[in-house]
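What you are looking at is a predicted structure, and each value in this text was computed from that prediction instead of being measured. One-based numbering along the sequence shown.
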Amino acid sequence: MKEKKGFLAEFKEFALRGSVMDLAVGVIIGAAFQAIVKSLVDDIISPILGLFLRGNLNSLSLNLFDGRVNICYGSFITAIINFVIMAFVIFLIVKGINAIKRLGKKGEPEETEKTCPYCQMKISIKATKCPHCTSDVE
């Protein structure tokens, strides 16, 4: 008979599961890396772009209605640059992880044969008709 677990016991089991801990570590590292990217954009890229735009990228704004509405499009452009850099780095990390996974699978041979469901003989994986019993094979 299955014993009933309390709410706290279920939460403890969930929280200590490996995938949840990995996710928590990933979020913490991602937040720290995001601070690095923000500093890169705010302290290096924005001033360089500011040389061409005659001012800091973050300070670019558009005043409308006699100064009552201030649209800070420079901050928006900075946020877009931050996002693009973070997305590119995450893409590279995922691409690297997938390449490592493929390296581990190279030792496994690909299947080239399958078994005919009617006569149980080995046939080519690409065959649509069994050469032994002439049955149609999916």
Side-chain angles (χ1 to χ4, degrees):
M1 187 177 244
K2 201 173 185 181
E3 82 179 58
K4 239 179 173 178
K5 292 182 180 179
F7 179 78
L8 289 175
E10 285 184 49
F11 178 74
K12 180 181 173 185
E13 183 182 322
F14 167 77
L16 296 179
R17 191 175 303 156
S19 58
V20 174
M21 298 305 279
D22 292 343
L23 179 63
V25 169
V27 167
I28 291 168
I29 291 174
F33 184 72
Q34 197 270 339
I36 293 170
V37 170
K38 183 171 176 19
S39 176
L40 170 72
V41 172
D42 290 345
D43 301 331
I44 296 174
I45 295 175
S46 288
I48 291 172
L49 291 176
L51 290 173
F52 302 105
L53 301 171
R54 297 184 186 155
N56 191 351
L57 183 63
N58 285 333
S59 65
L60 295 177
S61 62
L62 179 64
N63 289 317
L64 301 174
F65 305 109
D66 298 327
R68 290 180 293 182
V69 175
N70 189 23
I71 299 174
C72 300
Y73 64 90
S75 297
F76 180 69
I77 293 170
T78 300
I80 290 172
I81 294 170
N82 283 341
F83 172 77
V84 169
I85 292 172
M86 287 294 293
F88 181 70
V89 169
I90 291 170
F91 167 75
L92 291 178
I93 290 170
V94 169
K95 188 173 171 87
I97 290 171
N98 289 340
I100 291 170
K101 284 181 181 178
R102 278 194 300 272
L103 285 177
K105 290 184 178 181
K106 275 194 175 179
E108 299 173 10
E110 274 191 43
E111 284 191 40
T112 58
E113 292 183 333
K114 61 183 175 182
T115 304
C116 174
Y118 302 103
C119 67
Q120 300 299 313
M121 297 295 290
K122 296 281 185 192
I123 58 174
S124 171
I125 195 88
K126 295 178 183 178
T128 56
K129 190 175 271 300
C130 177
H132 306 286
C133 67
T134 67
S135 299
D136 289 329
V137 182
E138 292 180 18

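- Val84 and Val37 are assigned to two separate hydrophobic clusters, defined by single-linkage of ILVMFWY side chains at heavy-atom distances under 4.5 Å.
- Leu40 pairs in a side-chain contact (heavy atoms from CB on, under 4.5 Å) with only one of the listed residues (Ile44, Ile36, Asp42), which is Ile44.
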Practice task
Could you walk me through whether Val137 and Ile123 pass side chain to side chain contact (heavy atoms under 4.5 Å, CB included), step by step?
Solution key: CA-CA 10 Å; Val137 182; Ile123 58 174; 4.0 Å; yes
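- No continuous path of hydrophobic side-chain contacts links Met86 to Ile28 [ILVMFWY only; heavy atoms under 4.5 Å].
- Both Tyr73 and Val69 belong to a common hydrophobic cluster when Ile, Leu, Val, Met, Phe, Trp and Tyr are linked at side-chain heavy-atom distances under 4.5 angstrom.
- The two residues Cys130 and Cys133 have their closest heavy-atom pair at SG-N, 3.5 Å.
- In this structure the side chain of Ile81 reaches within 4.5 angstrom of the side chain of Leu49, judged on heavy atoms.
- Counting heavy atoms from C-beta outward, Ile85 and Ile45 have side chains that approach closer than 4.5 Å.
- In this structure, the separation between OG on Ser75 and CG on Asn82 is 10.5 Å, given to the nearest 0.5 Å.
- Taken from CZ in Phe65 to CG in Asn70, the straight-line distance is 13.0 Å, to the nearest 0.5 Å.
- Taking all atoms of both residues into account, the shortest heavy-atom contact from Ala127 to Lys114 is O-NZ, 3.1 Å.
- Looking at heavy atoms from C-beta onward, Ser124 lies out of side-chain contact with Thr112 at the 4.5 angstrom threshold.
- In this structure, the side chains of Tyr118 and His132 stay at 4.5 Å or more apart for every pair of heavy atoms.
- Side-chain atoms of Thr115 never come within 3.5 Å of backbone atoms of Lys122 as a donor-acceptor pair (strictly under, hydrogens ignored).
- In terms of heavy atoms, Val41 sits closest to Pro47 at O-CD, 4.3 Å.
- With sequence neighbours left out, the salt bridge (Lys or Arg N to Asp or Glu O under 4.0 Å) criterion links Asp136 to Lys129.
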Handout entry: Derivation and outcome, side chain to side chain donor-acceptor pair (under 3.5 Å), residues Ser39 and Asp43
Key = CA-CA 5 Å; Ser39 176; Asp43 301 331; 2.9 Å; yes
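- Under the 4.5 angstrom side-chain criterion for Ile, Leu, Val, Met, Phe, Trp and Tyr, the cluster partners of Phe91 are Phe88, Leu92.
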